[in-house]
Amino acid sequence: MTAENIHPEFHRFLKREDKEQLLGQRGVVLWMYGLSGSGKSTIANAVERRLFEEGRFTVILDGDNLRSGLNGNLGFSDEDRRENVRRNAEVAKLFARQGVITLVSVITPRRALRDLAREVVGEDFVEVHVKASFETCARRDPKGLYAKAQRGEVTQFTGKDSGFEEPEKAEVVLDTEARSVEESAARLMEFLRSRSPLNT
Ligand code: ADP
């Protein structure tokens, strides 16, 4: 086949705008990060339900769930956490570019990891810090991990033997010691509305 017989027809492919028009919303990645037990999954779930009731199409990319599939071969070393974030960011980007409101819930303990996610996703990226102190998270301990870490049964545990760097440039901070789940969900809804007329 010669080059003159190849006719690229990119102009015929459906564009992001076409999908966004169909869905009546704008694609975005809400990158929710914070200590284990800070409330990422709980708030993502509450926001998703609110959006669903308003007829919005969403996807939750939960760090723990992805670790049981796509990221099943990764551990918690610095290198593996980086690869974990990179893959989650690449998947989130694919969804956002199809017009999906994408809620990512991953600890993402270091600034460099957040920056990597931002770099991968690009302009759709919104940094949402789900904030609670180590002591509060340890008291909540919804998955029993803090107790295990205390007994030395979990290594490289974030906040204990693996660090969490406080953010400098979170677009949204949800302080779950000061706000209820519903208040945090409402704050994120408000943020989405202010960001795009298509998300009203
Ligand atoms: P993460 O996904 O960050 O690991 P989870 O959402 O799984 O955390 O767990 C957070 C736990 O804290 C849940 O059991 C939730 O009910 C509880 N919790 C208590 N108060 C709040 C609050 N104000 N916001 C979010 N979660 C809260």
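Numbering of ligands and ligand atoms starts at 1, following listing order. These values consider heavy atoms only, across backbone and side chains, with no hydrogens, waters or symmetry-generated copies.
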Check your understanding: Tyr33 ring centre to Arg111 NZ or CZ under 6.0 Å, with the angle to the axis within 45°?
Key -> no
**Study point:** side chain to side chain contact (heavy atoms under 4.5 Å, CB included) evaluation trace for Asp78 with Arg110
**Key:** CA-CA 10 Å; Asp78 286 347; Arg110 300 197 180 277; 4.3 Å; yes
Exercise for review: With sequence neighbours excluded, give me every salt bridge (charged side-chain N to carboxylate O under 4.0 Å, His left out) pair touching residues 33-48.
Suggested key: none
Identify all side-chain donor-acceptor contacts of residues 69-77 below 3.5 Å with residues at least two apart in sequence or on another chain.
residue, atom, partner, partner atom, Å
Asn71, OD1, Arg87, NH1, 3.4
Asn71, ND2, Asn84, OD1, 2.8
Asn71, ND2, Asn88, OD1, 2.8
Asn73, OD1, Arg87, NH1, 3.1
Ser77, OG, Asp80, N, 3.1

Study note, to complete from the structure: By side chain to side chain contact (heavy atoms under 4.5 Å, CB included), Arg16 pairs with (sequence neighbours left out) Glu20, Arg97, Asp124
Review point. Around ligand 1, what residues show up once you keep those with a heavy atom under 4.0 Å from it?
Key: Leu35, Ser36, Gly37, Ser38, Gly39, Lys40, Ser41, Thr42, Arg140, Pro142, Lys143, Thr176, Arg179, Ser180, Val181
Practice item. Over all heavy atoms of both residues, which pair between Phe57 and Leu23 is shortest? Give the atoms and the distance, please. Key: CB-CD2, 4.0 Å
